[in-house]
Amino acid sequence: SNYAYQPGDVRRYGAVAGGIVDCSAAINVAGSIGTPTYIVHEQGGYLINSTVTFDCDVYCTGYLVPSSSIGSAPNDYDKFCVIIASSGYADRRVVQGLSIHGSVALRAANVSGIRNDCENSIIRDSVVYQLNYGIVGRSYGQTYDKCHAFQCNTNFCAYARDASHEINALTITGGSYDSPVSRSVSI
């Protein structure tokens with residue numbers, strides 16, 4: 001750990017920007033310690049070769065750069081760059097400014113963006129482009145405020161993740177889900 005950075009800052013746990021070094025493990029550590037995760041702007045973004053999961057609030061001014069290895073995962077669960085984990089309805093989780101920079105090649109490799117399994121969550125000012133699925137909501141009480149998904153096969157999708165869950169109280173305010181390859185929105 002690099003204690004020069006505050007707890008929750010992905011750089012404290014070994015993330016190095018520049019898009020060359022895999023930062024997945026460091027970001028997963030930051031996302032699991034129970035304090036907010038901070039992904040700060042650094043030139044070149046943070047390369048991720050596997051899914052990162054957040055069990056906390058996320059505040060981002062930087063961006064994630066996924067690799068095609070995420071799309072070759074054996075199951076759909078692991079084909080997402082980011083998973084916002086369920087926290088139970090009592091805890092409101094906030095994700096602010098998360099940005100994932102894809103490419104046509106990553107979209108063709110079935111790499112998807114943000115999968116939100118968290119009840120009672122708000123994702124704000126987040127951007128995903130050129131991936132298979134941009135943003136996928138899979139629980140109730142979710143708000144998407146001024147989010148953007150561009151040039152994904154499906155820019156925004158919402159569905160119940162299993163028979164014991166449902167999609168209700170889904171709020172989308174502002175933002176844009178423009179220029180899809182297949183569908184702008186699928187609910």
Side-chain angles (χ1 to χ4, degrees), residues 1 5-17 21-40 45-102 106 109-128 131-144 147 149 152 156-162 164-165 167:
S1 293
Y5 300 107
Q6 69 180 342
D9 186 322
V10 296
R11 298 172 298 174
R12 181 182 181 112
Y13 310 101
V16 177
V21 177
D22 180 18
C23 299
S24 305
I27 295 171
N28 274 317
V29 169
S32 68
I33 61 171
T35 63
T37 297
Y38 299 95
I39 303 170
V40 299
Y46 298 91
L47 176 66
I48 55 171
N49 288 334
S50 60
T51 299
V52 295
T53 301
F54 295 107
D55 291 321
C56 58
D57 291 346
V58 179
Y59 299 96
C60 183
T61 57
Y63 60 94
L64 302 178
V65 180
S67 75
S68 61
S69 62
I70 295 171
S72 62
N75 61 58
D76 285 341
Y77 180 87
D78 295 322
K79 291 184 180 185
F80 281 86
C81 298
V82 171
I83 295 175
I84 311 301
S86 174
S87 65
Y89 193 76
D91 296 323
R92 182 166 193 107
R93 186 160 293 154
V94 175
V95 176
Q96 173 76 42
L98 186 59
S99 184
I100 304 172
H101 294 197
L106 290 172
N110 293 319
V111 176
S112 292
I114 300 169
R115 192 179 96 189
N116 185 5
D117 289 345
C118 186
E119 308 83 356
N120 195 28
S121 60
I122 182 166
I123 297 184
R124 179 180 292 134
D125 298 317
S126 294
V127 177
V128 179
L131 294 172
N132 185 27
Y133 285 92
I135 300 171
V136 175
R138 298 187 347 135
S139 195
Y140 53 87
Q142 295 183 339
T143 298
Y144 298 88
C147 293
C152 298
F156 182 89
C157 181
Y159 63 93
R161 65 182 181 255
D162 58 43
S164 66
H165 289 85
I167 295 295

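The basis for the numbers below is simple: all heavy atoms, side chains too, and nothing from hydrogens, waters or symmetry mates.
- In terms of the ring-ring contact (aromatic ring centres under 6.0 Å, His included) criterion, residue partners of Tyr144 (sequence neighbours excluded) are, by chain and number, Phe156.
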- Message: If you apply the rule side chain to side chain contact (heavy atoms under 4.5 Å, CB included), what do you find for Arg138 with Ile83, and how did you get there?
- Response: CA-CA 11 Å; Arg138 298 187 347 135; Ile83 295 175; over 6 Å; no
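- Residues Ser121 and Asn116 are in side-chain contact: their nearest non-hydrogen atoms beyond the backbone lie under 4.5 Å apart.
- Put simply, the side chain of Ser50 never gets that close to the backbone of Ser24: no donor and acceptor are under 3.5 Å apart.
- Ser126 is linked by a side chain to side chain donor-acceptor pair (under 3.5 Å) to nothing, counting only residues two or more places apart in sequence or in another chain.
- Judged by distance alone, with hydrogens and angles left aside, the side-chain atoms of Tyr159 form no donor-acceptor pair with the main-chain N or O of Val136 at under 3.5 Å.
- Among residue pairs with one or both ends in residues 6-16, those qualifying as side-chain hydrogen bond (donor to acceptor under 3.5 Å, both in side chains) are Asp9-Arg11, Arg11-Glu42; sequence neighbours excluded.
- With sequence neighbours left out, Ser67 forms a side chain to side chain donor-acceptor pair (under 3.5 Å) with Asn49, Ser69.
- The backbone N or O of Tyr133 sits less than 3.5 Å from a side-chain atom of Ser112, completing a donor-acceptor pair.
- Phe54 is listed as a side-chain neighbour of Ile27, based on a closest heavy-atom distance under 4.5 Å.
- In this structure, the side chain of Asn28 engages the main chain of Thr53 through a donor-acceptor pair within 3.5 Å.
- Listed by chain and residue number, Ile39, Leu98 satisfy the side chain to side chain contact (heavy atoms under 4.5 Å, CB included) test with Cys60 (two or more places apart in sequence, or in another chain).
- Asp57 is linked by a side chain to side chain contact (heavy atoms under 4.5 Å, CB included) to Pro36, Tyr59, Arg93, Val94, counting only residues two or more places apart in sequence or in another chain.
- Among all heavy-atom pairs drawn from Gly137 and Gln142, the shortest one is CA-OE1, 3.2 Å.
- Residues meeting the ring-ring contact (aromatic ring centres under 6.0 Å, His included) test with Tyr140, sequence neighbours left out: Tyr89.
- Listed by chain and number, the residues in a side chain to side chain contact (heavy atoms under 4.5 Å, CB included) with Cys152 are Val128, Leu131, Asn155 (sequence neighbours excluded).
- Applying the side chain to side chain contact (heavy atoms under 4.5 Å, CB included) criterion to Ala25, with sequence neighbours excluded, gives no partner residue.
- Scored by the side chain to side chain donor-acceptor pair (under 3.5 Å) test, Ser1 finds no partners at all (sequence neighbours excluded).
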